[in-house]
Amino acid sequence: MKLATWNVNSLAVRLPQLLDWLAAHPDTNAIVLQETKLTDDKFPHAELTAAGWQVQWFGQKTYNGVALLSKTPATDVVKNIVGYADEQARVIAGTVDGVRVIGAYIPNGQALDSDKFVYKMAWLDGLRAWLRDELSKHDKLVLMGDFNIAPEDRDCYDPAAFVGQTHTSPQERAHFQALLDLGLTDAYRMFEQAPKSYSWWDYRMLGFQKNKGLRIDHILVSNGLKPDVKSCVIDRAWRKLPKPSDHAPVYVTIG
DNA sequence: ATGTCGCGTGTGACGCGA
């Protein structure tokens, strides 16, 4: 099976690219999307249904918004973190083909001294508490999405330049490690990968052309799923097409 | 070093978030 995640940075803009990606990866069982930036009434479910997808979506005005697309219907669908009251639409989960699929858009955090960073830390506490419970119920589980955390220095094009900023701070990395400590594995690091592999590049300053990026989009697999993971790919090509998202899709093949 | 996007407001330049 193939499971994927993609921060599309507005599904209204990126629907054609998404449909192209789905057509190019017909073996995909499920994909989670972040930053759809659409209220639920504006979600393009008809187009996606016509393309053969079962769709669950959860959005809001202007920011955030997530979706779960699958070939077979997702069951036990949950929107946002159970036990953590959140006004923002950042999580969607469902069980697809026997795998608990959790798609997450973890807060950006903006700056270490900002209210948004306080929110990011509290949000991650909430996510971890809920995940512990989900892992106790589901042997095969995947948590994937835009984490807005570069777990190690090799996941950042210039670690020194990021000291004192978000995405690489010890606090954020401690949260990432705490998720792994629940019994999850970073699928990308299960395999040998090219150096300077990133999943996001700033639109500004020729970030992609200069490969000034971060690896912040992740797929974490449970111990029950891990032995079956065959590969993990950052689909970099989709970042260089016309009107790209600032994030590349990431996917795992399993089985 | 913040030079690009996308959205909402409200019809067009600007503020916000990433």
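Lettering of chains follows the sequences in order, A, B, ..., and the numbering in each one begins at 1. On a predicted model such as this, the values are computed, not experimentally measured, just so you know.
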Do A:Leu141 and A:Met1 belong to the same hydrophobic cluster, where Ile, Leu, Val, Met, Phe, Trp and Tyr are linked whenever their side-chain heavy atoms lie under 4.5 Å apart, directly or via other members?
-> no
Spacing of [X] atom [atom1] relative to [N] atom [atom2], expressed in whole Å:
X	N	atom1	atom2	answer
A:Asp115	B:dG17	CG	P	11 Å
A:Glu172	B:dA18	CD	C1'	14 Å
A:Gln60	B:dA18	CD	C1'	14 Å
A:Gln34	B:dG6	CD	C1'	17 Å
A:Tyr203	B:dG17	OH	C1'	13 Å
A:Asp246	B:dT4	CG	P	14 Å
A:His247	B:dT4	NE2	C1'	13 Å
A:Trp201	B:dC5	CH2	P	15 Å

State whether a side-chain donor-acceptor pair under 3.5 Å links A:Asp246 with A:Trp201.
-> no
So, A:Thr5 versus A:Gln34: side-chain donor-acceptor pair below 3.5 Å or not?
-> yes
When the nearest nucleotide of DNA chain B is assigned to A:Gln88 and to A:Lys243 on a heavy-atom basis, which residue is associated with the more 5' position?
-> A:Lys243
DNA chain B nearest-nucleotide lookup for A:Asp202 and A:Asn108: closer to the 5′ end is A:Asp202
NA contact type, A:Tyr105, heavy-atom cut-off 4.0 Å: base, sugar-phosphate, or nothing?
-> sugar-phosphate
Identify each atom pair where a protein N or O and an N or O of nucleotides 7-15 of chain B are less than 3.5 Å apart, giving names and distance.
from: B:dC7; atom 1: OP1; to: A:Ser10; atom 2: OG; distance (Å): 2.4
from: B:dT9; atom 1: OP1; to: A:Lys61; atom 2: NZ; distance (Å): 3.0

Should A:Lys116 be listed as having a side-chain N or O under 4.0 Å from OP1 or OP2 of B:dA18?
-> no
Give a yes/no on whether any side-chain N or O of A:Arg204 is located under 4.0 angstrom from OP1 or OP2 of B:dA18.
-> no
Salt bridge (charged side-chain N to carboxylate O under 4.0 Å, His left out) involving A:Asp113 - partner list, sequence neighbours excluded = none
Connected hydrophobic set around A:Leu48, excluding itself, where side chains approach under 4.5 Å | A:Trp6, A:Val8, A:Leu11, A:Leu15, A:Leu18, A:Leu19, A:Trp21, A:Leu22, A:Ile31, A:Leu33, A:Leu38, A:Phe43, A:Trp53, A:Val55, A:Trp57, A:Leu69, A:Val233, A:Trp238, A:Leu241, A:Tyr251
Taking the six-membered ring for Trp and the single ring otherwise, decide whether the centroids of A:Phe162 and A:Tyr157 are under 6.0 Å apart.
-> yes
Using the P atom in both, what is the distance from B:dG17 to B:dG12, to the nearest Å?
-> 25 Å
Distance between P atoms of B:dG15 and B:dG10 (Å, rounded) = 14 Å
What's the spacing between A:Asn148 CG and A:His175 NE2 if we round to 0.5 Å?
-> 13.5 Å
